[in-house]
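Here is the naming used below: chain letters follow the sequence lines, and residue numbers restart at 1 for every chain.
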Number of protein chains: 2
Amino acid sequence: MSLSHALLGLLAIEPASGYELSKEFERDLGRYAWQAGHTSVYPELIRLAEQGLVEVTHEGARRSRTYAVTDKGREELREWLLSPWGQGVVRNEQVLRLFLLEALEPNETVTALRGVVEHAEGRMSELRALREKRDVEPPEGLDVLGQLASEYGLRQYQALRDWALWAIEHVNKRQGSTDSGSPRQP
Amino acid sequence: MSLSHALLGLLAIEPASGYELSKEFERDLGRYAWQAGHTSVYPELIRLAEQGLVEVTHEGARRSRTYAVTDKGREELREWLLSPWGQGVVRNEQVLRLFLLEALEPNETVTALRGVVEHAEGRMSELRALREKRDVEPPEGLDVLGQLASEYGLRQYQALRDWALWAIEHVNKRQGSTDSGSPRQP
DNA sequence: TATGCCATGTAAAAAGTTACATGATTCC
DNA sequence: GGAATCATGTAACTTTTTACATGGCATA
C-alpha cells in the first residue's frame, strides 16, 4: 500500500503529527501525487507504529502526537524509493476526462480543451506567484516538498497547456472547419 | 465513481465487450489515467446496464457481450465531461516517489533522479516508435485513444525528464559537491 | 489433445470515503 | 462566551484488489 510509504516518506523528511500529515495530503501532495483523508491517516499511523516503522516522539498540546520514522521505517522507505520503476497505481480523474473528451461532438471537444488551457494557465500563474513568495519568506514546517513540487507542477501544467493547444489544432484539422469559434486569434 | 464514467466514455467512443474494455485499462488508459481490473469492469457493466446507461447490443462467440451506451448514458457522460474542473481523484505511485525522493541521502536522490531520466527517455522512444508505426497501419478496435493519448504521454514524459534534469542540478547546487557522479558529461 | 488466449464471472479481504463525534485551545 | 480551528478518532458503507473458478475457440 502506498499510503504507508507516503507517511514514511513525509515523516522521514520531517517528524509531524497526523494532523499536519493530513494537511499535506490536501496540498501539493494531494494535488499531484496521492490523496488521503485524515480518517485514513490516523489508523495507518497506529498500524505503522505497531509494526515499529514509526514512533511517537512527542506529545503536545491538544492531545497532539508527533511521529517520526524509526531506523526500520527508514530502511523500508529506502528500499521502496530505490526499487525499480514498475507500473504503480495510477488514478487521475482529470486526465481520464481528457482522454475521453473525444466522446463529445468535435466542437464541444474543442470548447472543453479551451477550458483546459485556461485552467492550466490559471494554475501556472498561481504556482509562479507561490514560488516568488517562497523566495521572500523561506519555507517552514512540512513544506520541504515545496521547491521540487512547485517546479514539477509548473512544468506539468505547461505540458498540459501545450498539449491541449496541440489537441485543438488536431481535432480541427481532422474535422475540417466544423469549429464554432474563430480559427487562430493573432 | 470514475470507473463508471470511464466505461461510459470508452463505450461512447466505440461499443466494446468487457474483455476489450479491460484490455484498454491495462494499456494507455491504465498507464496515464485510470486503472481497473476485469473483476471491477464486469460487475460495473452489469450495474450500468441495470441503470439503463448501457445496453448489450450483440452477443458473439465465447459468450462475449458487446455493450454500447444508451442515450441516457451519453447524456450522463456529457454532463460529467462538461462539468467544471474540480480537484478530482489523484493517485500516482511514481509521482509520489518523486516527491519523497528528498528523504534519501542527496547522492542517492541524484542516482534515483538519473534513473527517472533514463526511464522517461526509454518511454519516449517507445511512444515515438508507436506513433510512427501508427502512421503506416491505421488504428483498429478500441484504439481511438491512440493519437491524443500518445501525444499526451510523449509530452508528459518530456516534461518529467526535463524536470528530473533540473532537479539533479537543484539538489547538487543546494548540496555543494557531495555528488557521487561526474558533474555534467559533455 | 494440449496449450494458449478469449471471455466472463464470484467471494473474501483490503483500502478508502462519508458521516458522525468530541475534546482542546485560541482569538474575538 | 462563542466561533473557529486544532487534533483525533469510530463506524458504516463503498470501492478496489486478490484469489479462485470455469467454459469456449483456435491452432499446432
Side-chain angles (χ1 to χ4, degrees), chain A residues 1-8 10-11 15-27 29-30 33-51 54-67 86-93 96 140-142, chain B residues 1-8 10-11 15-27 29-30 33-51 54-67 86-93 96 140-142:
Chain A
M1 207 208 355
S2 287
L3 173 57
S4 56
H5 292 122
L7 291 171
L8 288 177
L10 289 173
L11 293 177
S17 66
Y19 186 80
E20 292 170 300
L21 291 165
S22 299
K23 289 286 158 197
E24 195 55 56
F25 281 107
E26 287 167 12
R27 294 171 180 281
L29 200 62
W34 204 267
Q35 292 174 342
H38 77 275
T39 56
S40 304
V41 170
Y42 289 119
E44 186 62 28
L45 283 171
I46 291 168
R47 274 193 292 273
L48 290 172
E50 280 167 1
Q51 294 168 49
V54 305
E55 59 186 356
V56 175
T57 53
H58 178 73
E59 309 211 350
R62 294 167 181 165
R63 297 189 288 158
S64 85
R65 251 161 289 168
T66 302
Y67 288 87
Q87 219 333 147
V89 175
V90 175
R91 207 154 263 163
N92 189 316
E93 193 173 344
L96 177 63
E140 45 155 272
L142 233 195
Chain B
M1 206 208 355
S2 287
L3 173 58
S4 56
H5 291 123
L7 291 171
L8 288 176
L10 289 173
L11 293 177
S17 66
Y19 186 80
E20 291 169 301
L21 292 164
S22 299
K23 288 288 157 193
E24 197 55 54
F25 281 107
E26 286 168 12
R27 295 172 179 281
L29 201 62
W34 205 268
Q35 292 173 343
H38 76 274
T39 57
S40 304
V41 171
Y42 290 119
E44 186 62 28
L45 283 171
I46 291 167
R47 276 193 290 273
L48 290 172
E50 280 166 1
Q51 293 168 48
V54 304
E55 60 185 354
V56 175
T57 54
H58 179 72
E59 310 213 347
R62 293 166 180 164
R63 295 189 289 158
S64 86
R65 252 161 288 166
T66 302
Y67 287 86
Q87 218 335 145
V89 175
V90 175
R91 207 153 265 161
N92 189 317
E93 194 172 345
L96 176 63
E140 45 155 273
L142 233 195

### Message
Tell me the interatomic distance from A:L3, atom CG, to D:dT15, atom C1', rounded to whole angstroms.
### Response
16 Å
### Summary
In whole angstroms, the gap separating P of D:dT16 from CD of B:E44 amounts to 8 Å
### Query
How far does the helix from C:dT1-D:dA28 to C:dC28-D:dG1 bend, going by the axes of its first and last five pairs, to the nearest 10°?
20°
### Query
Can you check whether B:G88's main-chain N or O pairs, donor with acceptor, with A:Q35's side chain at less than 3.5 Å?
yes
### Query
Between atom CG in A:L48 and atom P in C:dA15, what is the gap in whole Å?
11 Å
Compile the donor-acceptor pairs under 3.5 Å between side chains in residues 40-49 of chain A and protein atoms, sequence neighbours left out, one pair per line.
{"residue": "A:Y42", "atom": "OH", "partner": "A:Y19", "partner atom": "N", "Å": "3.4"}
{"residue": "A:E44", "atom": "OE1", "partner": "A:R47", "partner atom": "NE", "Å": "3.0"}
{"residue": "A:E44", "atom": "OE1", "partner": "A:R47", "partner atom": "NH2", "Å": "2.7"}

### Query
Is the shortest heavy-atom distance from the side chain of B:F25 to the side chain of B:L3 under 4.5 Å?
yes
### Message
Tell me if a side-chain donor or acceptor on B:T66 pairs with a main-chain N or O of B:T57 at a distance below 3.5 Å.
### Response
no
### Message
Whole angstroms only, please: what is the CG-P distance between B:L7 and D:dT15?
### Response
13 Å
#### Entry: Pairing residues for A:S64 by the side chain to side chain contact (heavy atoms under 4.5 Å, CB included) criterion, not counting sequence neighbours
none
### Message
Looking at A:R91, I'd like to know whether one of its side-chain N or O atoms comes within less than 4.0 Å of OP1 or OP2 on D:dT17.
### Response
yes
### Query
With sequence neighbours excluded, what pairs up with A:E26 under the side chain to side chain contact (heavy atoms under 4.5 Å, CB included) test?
A:K23
### Query
What does nucleotides 4-11 of chain D look like as a protein-contact string, B for base, S for sugar-phosphate only, - for none, at under 4.0 angstrom between heavy atoms?
--BBBBB-
#### Entry: Main-chain N/O of B:P15 paired to B:E20 side chain as donor or acceptor, under 3.5 Å
no
### Query
Do any pairs count as a salt bridge (charged side-chain N to carboxylate O under 4.0 Å, His left out) and have a residue in residues 54-67 of chain A, sequence neighbours left out, and if so which ones?
none
### Task
Round to a whole Å and report the spacing from CD of B:E59 to P of D:dC25.
13 Å
